[in-house]
Amino acid sequence: MSIFNKGQQSIANKIEQDTNISKWKDWRWQLKHSIKSIEKFEHLTGIDFKGSERDELEKTFSKFPLSITPYYLSLINTDNYRYDPVFKQSFGGVEELTVHKSEFKDPLAEDKDSPVEGITHRYPDRVLFHVSNICSMYCRHCTRKRKVGDIDFIPSKEQLSKGIEYIKKTPAVRDVLLSGGDPLMLNDDHLDWLLGELRAIKHVEIIRIGTRMPVVLPYRITDELISVLKKHQPLWINTHFNHPREITSSSREALAMLADGGFPLGNQSVLLAEVNDCPRVMKALVHKLVQNRVRPYYMYQCDLSEGLSHFRTPVGKGIEIMESLIGHTTGFAVPTYVIDAPGGGGKIPVMPNYIISWSTNKVVLRNYEGVITTYREPESYESKFCDRNCEECNLELQLGDADEAASLGIEKLLSDEDDTISLIPGDNERYKKRD
Ligand SMILES: *Cc1c(COP(=O)(O)O)cnc(C)c1O
Ligand code: SF4
């Protein structure tokens, strides 16, 4: 397999005379030689930035640091770089300096939902655990710009212990999502320790790792890493490909190692203007993902983080992309399109509408081709009244020792065992007058 192509060879030799393939494929070598200045970028790509653009770029990178792995840099098409999806995600441009009124430092209020340092606990049964502050490549569209890269550091065991302690004393947490920064910036021993600590907590059923390494530094996926991860199953891994061009022979190899290691693989894409805001680009991406045993999981609407306005698309673009995927391609190649609610409401799925109308007897639906169909509701469906008195119910719900949370939100409105008839915003004027 020719992983070391001509472009890569030339970049490698500019970085260090006589770099061979084994150095290039050493993730520590890649990190050590990451591109963190405009000069180095210019030197390696032959692209020049001049005048006021250069000044503004300096300002941009002092606000949010530049860091590109030599590998990811080698994917840039230097002849047409201004329109290049890899360039846009890694080097970006001066548009980042523009901050709009509608944008926030922490649009998802992750810090407000943080009971202890490093943990965001938003959903009842799962937590986000920020275990690193750094990434091998700083995505220009990063939603966590406020944190990522501000001070480069990997939390010590002591710092991580606060998060571990919180999870330990919170039995409702059955799913721990390691995030960051990039968790795979931790070295193998540190990671082994952390996963071991989490695995030892009885109520933690699954652990997930969110990492962009297969995209920006596929050489991080080594045999040693796989054997460390294997010790801590069940472990799910989610990565972040945004464009089909990012799926290279090196990233394929990394994905194959992970899939062969037995980890279910998912992908989260962010919908980005002038990068992947096209139904055909997205379709090509999801097809390549499933060929590499990666299940498209989420497609995110770009968040309202500061300086991202040039990346944002209308929600309509996302719906258009979903319309072009659902029914048109393999069901499991279709991600769920979500808007992460500003202010911290969590992910909200959005879709084209398929239900056209409804009566007590029939549902009128349309399919992906525009064919309108009716589905007849059952004539004899005995509706069940459920007050959670399972003894008298003829369904066999044998939960064993499984924990169950009380019903919440709309689920609660639909339930029979709870008398709540409406959900009322706290500041509703009409209700305030009643009090
Ligand atoms: C996305 C996210 C999760 C995980 O959500 P899933 O829909 O289960 O993937 C958990 N906590 C926070 C704060 C999140 O943003
Ligand atoms: S890998 Fe994720 S956390 Fe790191 S810079 Fe990119 S988007 Fe941000």
Side-chain angles (χ1 to χ4, degrees), residues 104-133 135 139 141-148 155 160 162-164 166-168 170-183 194-195 198 201 203-212 214 234-242 263-271 286 289 294-305 308 318 322 332 334-351 402-405 407-411:
F104 311 93
K105 276 214 163 57
D106 178 17
L108 310 177
E110 289 183 330
D111 297 343
K112 281 187 195 140
D113 281 336
S114 175
V116 298
E117 194 190 321
I119 297 268
T120 303
H121 193 176
R122 166 156 311 146
Y123 298 102
D125 68 339
R126 54 206 189 279
V127 293
L128 202 62
F129 191 1
H130 306 266
V131 297
S132 138
N133 216 37
C135 295
C139 307
H141 56 274
C142 181
T143 198
R144 294 205 187 104
K145 283 189 161 178
R146 71 184 189 285
K147 282 209 163 131
V148 169
L160 290 173
K162 289 184 206 162
I164 296 169
Y166 176 79
I167 296 167
K168 241 181 228 171
T170 317
V173 177
R174 43 163 287 284
D175 173 3
V176 176
L177 208 171
L178 302 185
S179 179
D182 199 316
L194 173 65
L195 291 169
L198 293 170
I201 304 172
H203 53 265
V204 173
E205 296 170 4
I206 56 169
I207 303 173
R208 311 189 232 179
I209 295 180
T211 175
R212 213 178 177 199
L235 199 63
W236 292 61
I237 295 176
N238 252 319
T239 186
H240 175 178
F241 285 92
N242 283 330
F263 311 105
L265 302 177
N267 185 71
Q268 323 199 140
S269 299
V270 186
L271 185 53
V286 299
L289 287 169
V294 181
R295 166 89 152 90
Y297 180 44
Y298 283 140
M299 176 174 85
Y300 283 94
Q301 177 66 14
C302 186
D303 287 327
L304 292 165
S305 293
L308 297 191
M322 294 307 289
F332 61 70
V334 181
T336 303
Y337 175 37
V338 291
I339 303 180
D340 221 331
K347 298 172 188 71
I348 300 172
V350 273
M351 274 231 279
D403 280 328
E404 219 192 350
S407 55
L408 191 100
I410 310 296
E411 181 197 19

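Just so you know, ligand 1 is whichever comes first in the structure, and atom 1 is the first atom listed for that ligand.
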Sequence-distant partners of Pro115, side-chain contact (heavy atoms from CB on, under 4.5 Å), two or more places apart: Ile119, His121, Tyr166
Between Ser269 (side chain) and Asn242 (backbone), is there a donor-acceptor pair under 3.5 Å? no
From Ile206 CD1 over to Trp236 CH2, what is the distance, rounded to the nearest 0.5 angstrom? 6.5 Å
Which parts of the protein, at residue level, reach under 4.0 Å of ligand 1 through a heavy atom? Thr120, Arg122, Tyr123, Arg126, Leu128, Leu177, Arg208, Tyr297, Tyr298, Lys347
Do Thr120 and Val127 have side chains that approach each other closer than 4.5 Å (heavy atoms only, starting at C-beta)? no
Those residues at least two apart in sequence (or on a different chain) that pass side-chain contact (heavy atoms from CB on, under 4.5 Å) with Ile201 are Ile164, Ile167, Lys168, Leu198, His203, Val204
Sequence neighbours excluded and cut-off under 3.5 Å, please list the side-chain donor-acceptor pairs for residues 172-179, or say none.
residue: Arg174; atom: NE; partner: Glu205; partner atom: OE1; Å: 2.9
residue: Arg174; atom: NH1; partner: Asp125; partner atom: OD2; Å: 2.5
residue: Asp175; atom: OD1; partner: Arg208; partner atom: NE; Å: 3.2
residue: Asp175; atom: OD2; partner: Arg208; partner atom: NE; Å: 3.3
residue: Asp175; atom: OD2; partner: Arg208; partner atom: NH2; Å: 2.8
residue: Ser179; atom: OG; partner: Arg144; partner atom: NH1; Å: 3.0

